[in-house]
Amino acid sequence: MGSHSLRSMLLGVGIGMVLTASFNLLVNHEGTIIGDVLQPKEIVEEIENNVEKQIEEMKDRLDTTQEKHTQENIQNGEKEKNAFWVTIQPGMSTREIAEYLYENEVILNSDEFIKKVSELQLTRSLKYGKTEIPFESSLEEVLMILKDL
């Protein structure tokens with residue numbers, strides 16, 4: 001899962017939690033709206049403050065998680081910011097490689113990858129091992145990297 005989708009997911013969960021908590025503040029245990037405790041303006045301000053606080057907490061947690069992940073990659077000798085790291089296992093078929101690259105967001109379409117491998121007659125030329133593939137590499141560039149592993 002990419003960091004962007006993780007960030008979106010965490011933000012969505014946080015907003016959902018804030019909205020649920022805010023709703024619970026407005027409803028008493030019998031399920032009726034508490035009207036005489038807070039004025040509408042105060043309710044809006046409290047909700048805004050809660051949302052801002054929750055968003056800041058989630059950003060802090062996300063930053064901590066990303067920093068930990070980056071540190072782990074640095075310890076493993078991996079660069080994170082400008083390339084994908086892929087590991088092609090011995091015996092993987094062209095289709096398995098295509099699916100692996102697609103699932104790891106290296107390529108946009110596994111069928112196009114398979115078609116290009118066939119077109120360039122690289123079916124038996126793709127090597128196995130661990131390699132770095134720069135972000136935004138073209139399909140041909142990805143294939144040449146995997147051919148030269």
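All residue numbers refer to positions in the sequence shown, counting from 1. Because only heavy atoms are used, hydrogens play no part in the values below, and waters and symmetry mates are left out as well, while side chains stay in.
Contact of the Leu146 side chain with the Leu101 side chain is registered, since non-hydrogen atoms from C-beta on lie closer than 4.5 Å. Leu139 places a side-chain heavy atom less than 4.5 Å from the side chain of Glu112. Contact of the Leu126 side chain with the Leu143 side chain is registered, since non-hydrogen atoms from C-beta on lie closer than 4.5 Å. Using a 4.5 Å heavy-atom threshold, the side chains of Glu99 and Ile114 count as separate. Within the 4.5 Å cutoff, no side-chain heavy atoms of Ile88 are placed close to those of Lys130. A heavy-atom distance below 4.5 Å is found between the side chains of Tyr100 and Met92. Side-chain contact between Tyr102 and Asn109: absent, with no pair of heavy atoms (C-beta onward) separated by less than 4.5 Å.
The CZ atom of Phe84 lies 11.0 Å from the CD atom of Glu132; values are rounded to the nearest 0.5 Å. Atoms CD and CG, from Glu140 and Leu122 in turn, are 10.5 Å apart once rounded to the nearest 0.5 Å. Atom CG of Asn50 and atom CD of Glu52 lie 9.5 Å apart (nearest 0.5 Å). Here the straight-line distance linking atom CG of Leu11 with atom CD1 of Ile15 works out to 4.0 Å at 0.5 Å rounding.
Shortest non-hydrogen contact noted between Thr123 and Ser118 is OG1-CA, 4.5 Å. Looking at every heavy atom in both residues, Phe113 comes nearest to Thr94 through CE2-O, 4.1 Å. Taking each heavy atom of Ala98 and Ile107 in turn, the nearest pair found is O-CD1, 3.5 Å. What you find for Met144 and Leu120 is that their closest heavy atoms are CE-CD1, 4.4 Å.
Of the possible polar contacts, none joining the Tyr128 side chain to the Thr87 backbone as a donor-acceptor pair under 3.5 Å is found. A donor-acceptor pair under 3.5 Å is absent between the side-chain atoms of Ser137 and the main chain of Ile133, judged by distance alone.
Summarising the local packing, NZ of Lys127 is surrounded by more than 12 heavy atoms from other residues, nucleotides or ligands at distances under 6.0 Å.
Qualifying side-chain contact (heavy atoms from CB on, under 4.5 Å) partners for Glu119, counting only residues two or more places apart in sequence or in other chains: Lys115, Lys116. Here Glu141 pairs with Ser138 under the side-chain hydrogen bond (donor to acceptor under 3.5 Å, both in side chains) rule; sequence neighbours left out.
Just one of Asn82, Val142, Ile145 meets the side-chain contact (heavy atoms from CB on, under 4.5 Å) condition when paired with Pro134; it is Ile145.
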